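What follows is a set of notes on a single structure, which appears directly below.
What you see is a predicted model; the values in this text were computed from it and never measured. Order of listing sets the numbers, starting from 1, for every ligand and every atom in it.
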Amino acid sequence: MDWQATQAPERQPRLVAQITRMIQNERLSHALLLTGDQGTGKLAVAHFIIQLTLCENAQNVPCETCRPCRLVTSGNHLNVHTIEPDGQFIKRAQIDQLIHELSKTARESSRKFYIVHDAHRMNASSANALLKFLEEPTSEVTAILLTNQPHALLPTIRSRCQQMTLQPVPPEQLKMQLMEQNVSESMASTVSKLASSLEDALAMVEEEEFGLARKGVLKLMEALERGTAHALVQAHEHVIPLLKDKEKAERVLDLLLFAYRDIVANKANPGSSSTFPDKSALWEQIAMRSTFEQLTYQLEHIMKARRRLHQNANRTLLMEQLVIELREVNSVV
Ligand SMILES: [Zn+2]
């Protein structure tokens with residue numbers, strides 16, 4: 001699922017530029033912590049770092065064709081060690097074994113690396129063993145820790161490492177990845193706006209309540225076209241039952257917010273990319289008869305409802321009031 005080191009400069013341009021400068025100036029730290037959601041390419045960036053250091057023909061990027069480059073890509077470089085959780089945790093014995101391996105004389109070149117996958121899954125004993133090792137850095141060994149949960153790591157380990165954060169997957173890219181996983185274009189368009197990683201996005205797609213929330217919000221948008229009474233009936237039937245907790249209610253309001261943002265985008269630039277491509281005909285119709293002032297008024301009221309949600313307002317009343325406010329725009333502006 002993870003992409004290749006060759007794509008690192010294009011997928012994580014700022015981070016890769018920073019890393020390249022540090023390697024060229026020989027200022028790369030001996031312990032790196034790469035953090036970012038699943039699918040952001042932590043392993044690819046780790047391989048990029050290692051290749052750029054070991055490559056025989058490196059310019060600003062590794063050549064990918066020399067022997068060290070190829071050995072890193074295939075996972076066969078003798079000076080690159082990898083640790084992954086054994087079951088639920090990374091165990092003490094694995095760290096001990098790693099330290100033992102690293103203390104042996106180098107065979108390929110003097111520089112050695114080790115990559116720790118899911119570093120937050122070290123238990124107390126293995127984390128302390130690694131910490132001791134990190135506290136006695138040698139110039140030939142570089143640690144690269146990967147995690148999507150940096151706060152679950154021992155603070156003492158975090159503070160020993162130079163932390164680098166990978167950017168979330170851009171919505172357009174996430175949408176393509178979802179469609180490759182056979183998610184429909186309409187669902188992929190919506191989910192890619194709300195999730196920051198493929199993992200989160202796929203979980204959302206599979207969640208029944210998310211599907212219902214999406215459908216409920218779209219039914220409400222249609223009903224709002226027909227009148228206040230219709231809209232209130234639809235809200236009670238399809239939306240209010242979904243406001244069980246604050247988090248779910250927030251998601252419903254976010255979906256509504258994206259619907260109006262779609263309409264604004266459609267008005268400014270017909271045919272622009274949409275969160276709900278299956279509703280583009282309706283959005284076009286609303287965009288045609290609405291002014292930007294009216295749409296702004298509606299967006300502001302959704303934002304206000306979102307704030308009131310966090311002040312623990314009654315969620316049924318909050319939604320009823322919002323429906324009325326979304327409708328009254330036709331008479332007030
Ligand atoms: Zn190379």
Residues [X] and [Y] bridged, charged N to O under 4.0 Å:
{"X": "D254", "Y": "R306", "value": "yes"}
{"X": "K112", "Y": "E101", "value": "no"}
{"X": "E84", "Y": "R121", "value": "no"}
{"X": "E225", "Y": "R289", "value": "yes"}

E209/K244 under salt bridge (charged side-chain N to carboxylate O under 4.0 Å, His left out): CA gap, chis, key distance, verdict: CA-CA 11 Å; E209 278 194 320; K244 277 176 233 151; 2.6 Å; yes
Under 2.8 Å from the Zn ion (ligand 1), the protein N, O or S atoms, given as residue and atom: C55 SG, C63 SG, C66 SG, C69 SG
Distance-only polar pair, side chains of Q167 and R11, donor-acceptor under 3.5 Å: no
